[in-house]
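A quick write-up on the structure given underneath.
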Amino acid sequence: MQKQSGFTLLEICIAVFIAALLVTLAVPSVSGVLAEQRMKRSFESFDALTRDAQTRSRTERRAFVLAWDKDGIALRPEQPAAPEEEKGVSRIDCAEKETFDLNLPAALIRNPSKEWIFWPTGTCEPATVIYHGPTGEWTASYNPLTARADFSTP
């Protein structure tokens with residue numbers, strides 16, 4: 001009598017069940033990590049735009065503004081010297097279901113325009129930016145002296 005080697009149908013079913021269970025447990029955590037990375041990239045791109053505004057205002061010795069419009073946020077000089085500067089020197093375009101809200105807590109008027117100014121010294125108005133997107137939301141409160149963010153997620 002010859003002994004045959006191999007797996008029984010029961011062993012294969014158990015192995016497939018365990019693999020399916022592991023995939024079911026791993027997929028939500030992987031998608032959560034990917035969503036968190038996309039949300040962090042949104043903050044990093046916005047923060048890079050603020051650093052660009054601060055650097056340009058210092059090096060060019062003139063005020064720069066982050067201006068909100070319906071499509072996104074543009075970095076432009078407060079008083080453009082040339083027509084091409086009016087469109088902005090850098091920009092973040094908002095994707096579908098993505099918003100960046102600006103709050104200027106030190107503004108002296110109600111409902112100020114959606115513009116955040118960086119003066120020639122590199123300082124800026126104190127501002128809070130709130131991001132809402134399909135991957136989540138974050139809040140960044142910017143220090144007026146350093147233009148550095150205190151980043152938080154709810």
Side-chain angles (χ1 to χ4, degrees), residues 15-154:
V16 168
F17 174 76
I18 291 172
L21 185 64
L22 289 174
V23 167
T24 303
L25 294 174
V27 166
S29 63
V30 168
S31 63
V33 167
L34 293 175
E36 187 175 321
Q37 286 178 346
R38 283 191 301 272
M39 189 172 64
K40 189 173 181 182
R41 273 195 303 269
S42 68
F43 169 72
E44 289 170 350
S45 66
F46 180 80
D47 198 49
L49 192 64
T50 62
R51 285 193 306 275
D52 191 20
Q54 184 184 37
T55 301
R56 284 179 182 269
S57 64
R58 275 191 198 143
T59 57
E60 296 182 25
R61 298 191 184 275
R62 61 181 176 157
F64 274 80
V65 173
L66 289 179
W68 272 246
D69 59 33
K70 63 182 177 86
D71 298 324
I73 306 162
L75 170 61
R76 61 173 173 72
E78 182 185 33
Q79 296 176 341
E84 62 271 3
E85 287 184 337
E86 294 213 16
K87 294 179 184 173
V89 291
S90 295
R91 175 169 194 81
I92 293 178
D93 291 319
C94 291
E96 189 175 330
K97 297 181 182 177
E98 183 179 54
T99 61
F100 291 87
D101 296 322
L102 176 66
N103 180 17
L104 300 170
L108 298 176
I109 58 173
R110 285 182 180 234
N111 302 321
S113 64
K114 295 292 184 181
E115 291 184 345
W116 182 22
I117 190 164
F118 289 76
W119 293 291
T121 58
T123 58
C124 62
E125 290 181 271
T128 301
V129 177
I130 303 164
Y131 169 82
H132 298 279
T135 58
E137 59 185 61
W138 52 259
T139 302
S141 297
Y142 282 85
N143 182 310
L145 296 176
T146 62
R148 296 293 175 236
D150 180 19
F151 175 78
S152 64
T153 56

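For the numbers below, each heavy atom of this structure counts, side chains included, while hydrogens, waters and symmetry mates do not.
- For M39 against Y131, the heavy-atom pair with the smallest separation is CG-CE2, 4.4 Å.
- Here the straight-line distance linking atom CZ of R41 with atom OG1 of T135 works out to 9.0 Å at 0.5 Å rounding.
- Partner of H132 under the side chain to side chain contact (heavy atoms under 4.5 Å, CB included) criterion, out of E137, E98, K97: E137 alone.
- A donor atom on one side chain and an acceptor atom on the other are not found under 3.5 Å apart for W68 and S113.
- In this structure a side-chain-to-backbone donor-acceptor pair under 3.5 Å is missing from K114 to A67.
- A107 and P112 get closest at one heavy-atom pair: CB-CG, 3.8 Å.
- Applying the side-chain hydrogen bond (donor to acceptor under 3.5 Å, both in side chains) criterion to E36, with sequence neighbours excluded, gives no partner residue.
- Distance check: I92 CD1 to F46 CZ gives 6.5 Å after rounding to the nearest 0.5 Å.
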* To do: Go through D93 and R91 one step at a time and tell me if the side chain to side chain contact (heavy atoms under 4.5 Å, CB included) criterion holds.
  => CA-CA 6 Å; D93 291 319; R91 175 169 194 81; 2.7 Å; yes

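- A distance of 5.5 Å separates OG of S42 from CH2 of W138, quoted to the nearest 0.5 Å.
- The CZ atom of F64 sits 10.5 Å away from atom OG1 of T55, with the distance rounded to the nearest 0.5 Å.
- When only modelled atom types and interatomic distance are considered, D52 and S90 share a side-chain donor-acceptor pair under 3.5 Å.
- Side-chain contact between I73 and L49 is present, with at least one heavy-atom pair separated by less than 4.5 Å.
- Annotation: side chain of R56 is in contact with side chain of V89 (closest heavy-atom distance under 4.5 Å).
- Distance check, rounded to the nearest 0.5 Å: OH of Y142 to OG1 of T128 gives 10.0 Å.
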message = Before you tell me yes or no, could you show the steps for E125 and W119 under side chain to side chain contact (heavy atoms under 4.5 Å, CB included), namely the whole-Å CA-CA distance, both residues' side-chain angles and the distance that decides it to 0.1 Å?
response = CA-CA 9 Å; E125 290 181 271; W119 293 291; 3.5 Å; yes

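- Shown here for P120 and A63, the closest heavy-atom pair between the two residues is CG-N, 3.8 Å.
- Contact detail for S57 and G122: the closest heavy-atom pair is OG-CA, 3.6 Å.
- One finds the CD1 atom of I117 at 8.0 Å from the CD atom of E115 (value rounded to the nearest 0.5 Å).
- In plain terms, the two heavy atoms of A127 and P105 that are nearest each other are CA-CD, 4.1 Å.
- Proximity of T50 to L66: side-chain heavy atoms (C-beta onward) are separated by under 4.5 Å at one or more points.
- Taking both residues in full, the closest heavy atoms of T121 and R58 are given as O-NE, 3.5 Å, listed atom of the first, atom of the second, then distance.
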